[in-house]
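To start, the structure under review is shown below, and the notes come after it.
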Amino acid sequence: MNKKYKKYIEYIVNDIEKPYLKSLNMYGLKQEECELVLSKLYDQQVTIKGNRVYDTNDNQIYSENSTGFWYKEEYDSNGNEIYYEDSDGVIVDRR
């Protein structure tokens, strides 16, 4: 990855806000570029399937819908959900 492209990706990582997928649309990125941005944001490899984002263990870690509602989840090493947050302000922290 060249320096200019890397700098652009880092700019997007620092610029986007939730709902992430909607925010990424304004950059006109390809799917793999969106996955790169979100991988850097989540500090792990992610895959986007429709309006959902999955980690390498196939845990859904983020989702949003067309109305702007979003939620994110975090999992421990055993695949148990340890954190949930959504756009309505609901936060469940099981850590």
Side-chain angles (χ1 to χ4, degrees):
M1 177 180 330
N2 71 45
K3 287 182 184 181
K4 189 174 182 180
Y5 183 72
K6 185 176 180 179
K7 191 172 184 176
Y8 179 61
I9 294 298
E10 289 297 329
Y11 169 81
I12 296 171
V13 169
N14 293 317
D15 189 54
I16 63 169
E17 297 178 0
K18 297 175 195 103
Y20 292 135
L21 300 176
K22 184 176 180 180
S23 293
L24 286 170
N25 282 337
M26 71 181 192
Y27 293 101
L29 301 174
K30 298 174 188 169
Q31 167 114 7
E32 59 269 13
E33 293 172 316
C34 290
E35 289 176 349
L36 176 61
V37 168
L38 292 177
S39 291
K40 290 186 177 292
L41 183 73
Y42 279 98
D43 198 29
Q44 62 180 306
Q45 189 67 36
V46 303
T47 304
I48 300 171
K49 299 176 186 173
N51 62 344
R52 296 181 174 114
V53 179
Y54 296 86
D55 65 14
T56 54
N57 295 319
D58 210 30
N59 294 312
Q60 182 177 300
I61 58 172
Y62 179 80
S63 180
E64 68 185 48
N65 66 25
S66 60
T67 67
F69 178 81
W70 58 264
Y71 64 90
K72 68 181 239 176
E73 299 165 290
E74 294 177 20
Y75 297 85
D76 65 16
S77 59
N78 295 319
N80 300 309
E81 183 187 274
I82 58 172
Y83 183 83
Y84 172 92
E85 177 183 357
D86 69 29
S87 57
D88 289 336
V90 174
I91 297 175
V92 178
D93 194 342
R94 297 180 177 102
R95 290 179 266 194

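- With hydrophobic clusters built from ILVMFWY side chains whose heavy atoms lie under 4.5 angstrom apart, Ile91 does not share a cluster with Phe69.
- Atom OH of Tyr75 is separated from atom CG of Asn57 by 10.5 Å, given to the nearest 0.5 angstrom.
- Leu41 and Tyr54 are assigned to two separate hydrophobic clusters, defined by single-linkage of ILVMFWY side chains at heavy-atom distances under 4.5 Å.
- Residue Asp43 qualifies as open at atom CG: its count of foreign heavy atoms under 6.0 Å is 12 or below.
- Between Gln31 and Ile48, some side-chain heavy-atom pair lies under the 4.5 Å cut-off.
- Between the side chain of Glu81 and the main chain of Glu73, no donor-acceptor pair closer than 3.5 Å is present.
- Taking CD of Gln44 as the reference point, atom CD of Glu74 lies at 9.0 Å (rounded to 0.5 Å).
- Taking 4.5 Å as the limit, some side-chain heavy atom of Tyr42 sits within range of a side-chain heavy atom of Ile61.
- With contacts defined as side-chain heavy-atom distances shorter than 4.5 Å, the pair Glu33/Tyr5 qualifies.
- Taking both residues in full, the closest heavy atoms of Ser63 and Arg52 are given as OG-CG, 3.6 Å, listed atom of the first, atom of the second, then distance.
- Distance alone, capped at 3.5 Å, places no donor-acceptor pair between the Asp88 side chain and the Val90 backbone.
- The line from CD1 of Ile12 to CG of Leu36 is 9.0 Å long, rounded to the nearest 0.5 Å.
- Residues Leu38 and Leu21 meet the side-chain proximity criterion, which asks for heavy atoms closer than 4.5 Å.
- Across all non-hydrogen atoms, the minimal contact from Val46 to Val53 is CB-CG1, 3.7 Å.
- Put simply, CD on Gln60 and OH on Tyr71 are 3.5 Å apart, with the number rounded to the nearest 0.5 Å.
- With a 6.0 Å radius and a threshold of 12 heavy atoms from other residues, nucleotides or ligands, Glu32 has its CD atom above the threshold.
- At least one side-chain heavy atom of Asp58 sits less than 4.5 Å from a side-chain heavy atom of Lys49.
- Using modelled atom types, no side-chain atom of Asn78 and backbone atom of Asn80 make a donor-acceptor pair closer than 3.5 Å.
- Here the closest non-hydrogen pair linking Tyr62 and Lys72 is CD1-CB, 4.0 Å.
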Practice item. Could you walk me through whether Tyr27 and Val37 pass side chain to side chain contact (heavy atoms under 4.5 Å, CB included), step by step? Key: CA-CA 11 Å; Tyr27 293 101; Val37 168; over 6 Å; no
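- Nearest approach of Gly68 to Ser87, heavy atoms of both residues: O-OG, 4.1 Å.
- Between the SG atom of Cys34 and the CD1 atom of Ile16 there is a distance of 8.5 Å, given to the nearest 0.5 Å.
- Under 3.5 Å, the side chains of Tyr83 and Glu85 contain a donor-acceptor pair of N or O atoms.
- Here the CD-NZ distance, from Glu35 to Lys30, works out to 13.0 Å after rounding to the nearest 0.5 Å.
- Among all heavy-atom pairs drawn from Tyr84 and Asp86, the shortest one is OH-OD2, 3.0 Å.
- Heavy atoms from other residues, nucleotides or ligands lying under 6.0 Å from NZ of Lys18 number more than 12.
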